[in-house]
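Chain A is the first sequence line, chain B the second, and so forth, proteins listed ahead of strands; every chain is numbered from 1.
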Number of protein chains: 2
Amino acid sequence: MMPADTLNHMVLDRSPELDRVFHALAHPARREILRRLSDREQNLSELSAPLQMSFPAASKHVRVLERAKLVRRRIVGRTHVCRAEGRPIKRATLWLERYCQTLESNFQRLDALLEELKAHDTK
Amino acid sequence: MMPADTLNHMVLDRSPELDRVFHALAHPARREILRRLSDREQNLSELSAPLQMSFPAASKHVRVLERAKLVRRRIVGRTHVCRAEGRPIKRATLWLERYCQTLESNFQRLDALLEELKAHDTK
DNA sequence: ATGAATGTCAACCATGTGGTTTAATAATTT
DNA sequence: AAATTATTAAACCACATGGTTGACATTCAT
């Protein structure tokens, strides 16, 4: 028999990593940071400058991205250089694609059913 | 010249729809609800039953999914039948894929640069 | 007409989020 | 040694989130 918390995982679709990734993506400032980091590495000052909010606020957003492992930081002297990380995004994309797929396959199933009913009616 | 808030849109990558979609996906119970709705329509009672939380809590989760337009509800007598909606997910997937793409193309660019440097060294 | 089933609403609570400001720490520059 | 730069830390605030319970409205079945 499966342990109880494994069952919970199944019923609640738990995945703290996915939680963190999607939550990180749910704020415009953080998507903006990612967009800029996808082009090139940038340190915190560069990242925060265009973000019409205080430096500490921007810094917190970066940390949310780090918790989700969407961003890694290496410290060079007094500057913290941030770099976008690809792996977790791919997991998220996978979830979405799998979801879309079952959705569509069931739409197709429904369409087929409707077709069949229509054919049956006109018979 | 562009109006000021258009500029803000660009700098902050604003998109309330994306905000809502990603936020909706950031909770295990809501992903679970979606997973089940991707198979077939279900009413609130059916949805809430396996979710180890009170009925009103589950109902609130469904409403978060509705705000994000990931779920639509039609009322049939006393039951509220929920159905998964595909479009907004596709927008989110698109964002992720576009992001992944620029990320990878820049990794390739970096790799090319490194190759070039290496070649230069051994010359 | 009663009663059970389905769902909403409102009030409440604890905790998280997103922002601020001010102060402190650490590395560079002058 | 002093000033500047890059960043964290802490305290605070308003509001959102995620959950509960209890009371209410509708609809369906008996």
Between [N] ([atom2]) and [X] ([atom1]): distance, integer Å:
X	N	atom1	atom2	result
A:His23	D:dT17	NE2	P	10 Å
A:Asp19	C:dG16	CG	C1'	14 Å
A:Ile75	C:dT28	CD1	C1'	16 Å

Measure from the side-chain heavy atoms of [X] and tell me the nearest of [options].
X	options	result
A:Thr79	D:dT7, C:dG19, C:dG18	D:dT7
A:Lys60	C:dG7, D:dG18, C:dG19	C:dG19
A:His80	D:dT7, D:dG19, C:dC9	D:dT7
A:Pro56	D:dT7, D:dG19, C:dT20	C:dT20

On the nucleotide [N], are OP1 or OP2 found under 4.0 Å from the side-chain N or O atoms that [X] carries?
X	N	answer
A:Arg67	C:dG16	no
A:Ser59	D:dT8	yes
B:Arg73	C:dT8	yes
B:His27	D:dG19	yes
B:Ser45	C:dG7	yes

Can you spot which of A:Leu65, A:Leu34, A:Leu47 makes a side-chain contact (heavy atoms from CB on, under 4.5 Å) with A:Cys82? A:Leu47

All heavy atoms of B:Arg14 vs all of A:Arg31, minimum pair found to be C-NH2, 4.3 Å

Salt-bridge test for B:Lys69 and B:Glu85: reply yes if a basic N is under 4.0 Å from a carboxylate O, no otherwise. no

If you look at every strand shown and take non-hydrogen atoms under 4.0 Å, does A:Ser54 touch a base, only sugar-phosphate, or nothing? base

Proximity of B:His23 and A:His23 rings by center, below 6.0 Å: no

Would you state whether a donor and an acceptor, one from the side chain of A:Arg78 and one from the base of D:dT5, lie under 3.5 Å apart? yes

